[in-house]
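Inspection log for the structure reproduced underneath, given as structure tokens.
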Amino acid sequence: MTYNEAIAYIHSICWRGSRPGLERINVLCDLLGNPQDALSFIHVAGTNGKGSVCAMLAEICQHAGHRTGMFTSPYVRQFNERISVDGIPISNSRLAEIIARIRPVAESMEDPPTEFELITAAAFLYFCEEQCQIVILEAGLGGRLDSTNIIKTPVATVITGIGLDHTAQLGSTIAEIAGEKAGIIKPGCPVILGSSEEDVQRVVGEKADLEKAPVYSVNFDKLQIDEVSLEGTRFFLADERQPYHMRLLGKYQPRNAIIAIETARVLGFSEKSIRAGIENARWPARFEILQRDPLVIFDGGHNPLGVDAVVDTVKALFLGKKVHVLTGVMADKEYISMAMQLQEIAASVFCVTPGNPRALAAEEYAVVFAKAGMPARPVENIEDGLEAAMRKARSDGRPLLIVGSLYMYKDVRESLEYLEQKRKMQ
């Protein structure tokens, strides 16, 4: 099986959709020899911040000298990004070889696995064969019935901030969604909780009590942000004299950092490893600078909680100066709320349709902005939208913020590269 054949096979079963439940992944992993049972995990769930927290924890583990696997979703440019060891994505040949081994096993099952279940099993197999000493495991949708929840005894469970997202699958209230996320809590396993919301604290606390699991609630009040710039962020924790430095941008990232710091401290990592991990962590598509002239920033904020964090960062960085916005979203998101939030910082808005069947049409999103009093221009494709928005940004010296679905990221990067080549040829 070639790499392209492996990817085609993985995507060929996406029509089965998301079917929550652990029955299929249990059967599949059992047939593969239960590779997950030989691994140690830090299991991470939550609505926002999971990817950044995972990236920081992975760096901390690597700086402590541990061979570290990381499983995240979705990918932003290449599928292989989802499965990595010591920061290096799985190779094309290795992915193809593992999928070739799993395929006949999966197809022998009476109830075959979904796409995500297949990928989860492939990750477990790879991490086991690569002899990872610890794996940073990001839950997919929810937690309780997510295929990653097949693991039995993680060394730590992390629950980041919780907001209203995927409500059709997880519930219509914060408490219901928290209940799904809390489903990853295991007996006696320490829980690091990165939410101060009363309903979340209550629901997670009740589940932790049932499992006799200690809860470490992150105290965000001790966070003191000292400096936020386009070069990074410096912050202090109360009663600690030495600042932390981050290369990750975004005013929201120090909150994610505290969650990672608390987790690492609970697990006994050295302060040296923690500081090095926080400073060196990288995570694409989260307030990432793609270009400096004009300044182009991408952030995958795709729900109200995420967009609120982006708006807060723009205000802090540009001191009230408005930015041009290029945006596209999925039709199942709370896009009306997001449009209202983006109005606060937008000098102009360009709407595009992300390359996904669930995407909201650019024309429909533009109407939402117009009804809220912010005229928006729908653009036929991302390349044209990017070219028009960059022209506008250059003309008046404003930054361009690209915000919304992560499904836009690959097209945005490729369009930027094409437009740069086109500019050089002129």
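This one's a predicted model, so the numbers in the text were calculated from it and none came from an experiment.
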Does the side chain of [Y] come within less than 4.5 Å of [X]'s, by heavy atoms?
X: Lys186; Y: Glu211; answer: no
X: Ser195; Y: Ile159; answer: no
X: Leu400; Y: Leu386; answer: yes
X: Phe269; Y: Cys61; answer: yes
X: Ile192; Y: Arg265; answer: no
X: Val325; Y: Val323; answer: yes
X: Thr148; Y: Ile184; answer: no
X: Tyr365; Y: Val349; answer: no

Using 0.5 Å steps for rounding, measure from the [atom1] atom of [X] to the [atom2] atom of [Y].
X: Thr120; Y: Ile83; atom1: OG1; atom2: CD1; value: 8.5 Å
X: Glu383; Y: Ser415; atom1: CD; atom2: OG; value: 5.0 Å
X: Glu130; Y: Ser84; atom1: CD; atom2: OG; value: 11.0 Å
X: Ile119; Y: Ile10; atom1: CD1; atom2: CD1; value: 5.5 Å
X: Leu342; Y: Leu401; atom1: CG; atom2: CG; value: 7.5 Å
X: Ile345; Y: Asp312; atom1: CD1; atom2: CG; value: 10.0 Å

So does Arg101 pair up with Glu97, basic N to acidic O under 4.0 Å?
-> yes
So, Arg275 and Glu279, do they make that salt bridge, N to O below 4.0 Å?
-> no
Test item: [X] side-chain N/O and [Y] main-chain N/O as donor-acceptor pair under 3.5 Å:
X: Gln341; Y: Pro304; result: yes
X: Glu262; Y: Ile258; result: no
X: Gln421; Y: Tyr418; result: no
X: Thr233; Y: Val228; result: no
X: Gln62; Y: Thr68; result: no
X: Asp226; Y: Phe235; result: no
X: Gln253; Y: Gly250; result: no

Take Ile402 and Met408, measure what side-chain contact (heavy atoms from CB on, under 4.5 Å) needs, and give me the verdict at the end.
-> CA-CA 9 Å; Ile402 305 170; Met408 296 192 297; 4.1 Å; yes
Should we count [atom1] of [X] as having more than 12 external heavy atoms under 6.0 Å?
X: Tyr407; atom1: OH; value: no
X: Glu240; atom1: CD; value: yes
X: Glu380; atom1: CD; value: no
X: Phe220; atom1: CZ; value: yes
X: Arg82; atom1: CZ; value: yes
X: Met330; atom1: CE; value: yes
X: Lys152; atom1: NZ; value: no

Derivation of the side-chain contact (heavy atoms from CB on, under 4.5 Å) call for Lys315 and Lys251 | CA-CA 10 Å; Lys315 289 178 178 178; Lys251 193 178 175 183; over 6 Å; no
Residue pair Gln36, Asn34: steps toward the side chain to side chain donor-acceptor pair (under 3.5 Å) verdict | CA-CA 5 Å; Gln36 75 282 359; Asn34 287 312; 3.1 Å; yes
Check the side chains of [Y] and [X] for a donor-acceptor pair under 3.5 angstrom, ignoring hydrogens and angles.
X: Tyr252; Y: Asn48; answer: no
X: Asp199; Y: Gln201; answer: no
X: Thr2; Y: Asn4; answer: no
X: Asn381; Y: Asp384; answer: yes

Go through Phe116 and Asp146 one step at a time and tell me if the side-chain contact (heavy atoms from CB on, under 4.5 Å) criterion holds.
-> CA-CA 9 Å; Phe116 189 73; Asp146 184 78; 3.5 Å; yes
Salt bridge (Lys or Arg N to Asp or Glu O under 4.0 Å) assessment of Arg77 paired with Glu288 = CA-CA 14 Å; Arg77 292 203 79 175; Glu288 179 185 2; over 6 Å; no
Could you pull out the closest heavy-atom pair between [X] and [Y], with the gap in Å?
X: Pro154; Y: Thr157; result: CG-OG1, 4.0 Å
X: Arg292; Y: Leu230; result: NH2-O, 3.9 Å
X: Ile278; Y: Met56; result: CD1-SD, 3.8 Å
X: Ser52; Y: Asn256; result: CB-ND2, 3.8 Å
X: Thr263; Y: Ile42; result: CG2-CG2, 4.3 Å
X: Leu416; Y: Met390; result: CD2-SD, 3.6 Å

Proximity of Phe124 and Phe41 rings by center, below 6.0 Å | yes
State which residue, out of Thr327, Asn303, Leu360, Val307, fulfils the side chain to side chain contact (heavy atoms under 4.5 Å, CB included) condition with Tyr335.
-> Leu360
Apply the test side-chain contact (heavy atoms from CB on, under 4.5 Å) to residues Ile382 and Val412: give CA-CA distance (whole Å), side-chain angles for both, the deciding distance (0.1 Å), then the verdict.
-> CA-CA 7 Å; Ile382 287 176; Val412 166; 3.8 Å; yes
Pick one: which of Trp283, Phe287, Tyr409 meets ring pair (Phe, Tyr, Trp, His ring centres under 6.0 Å) with Phe298?
-> Tyr409
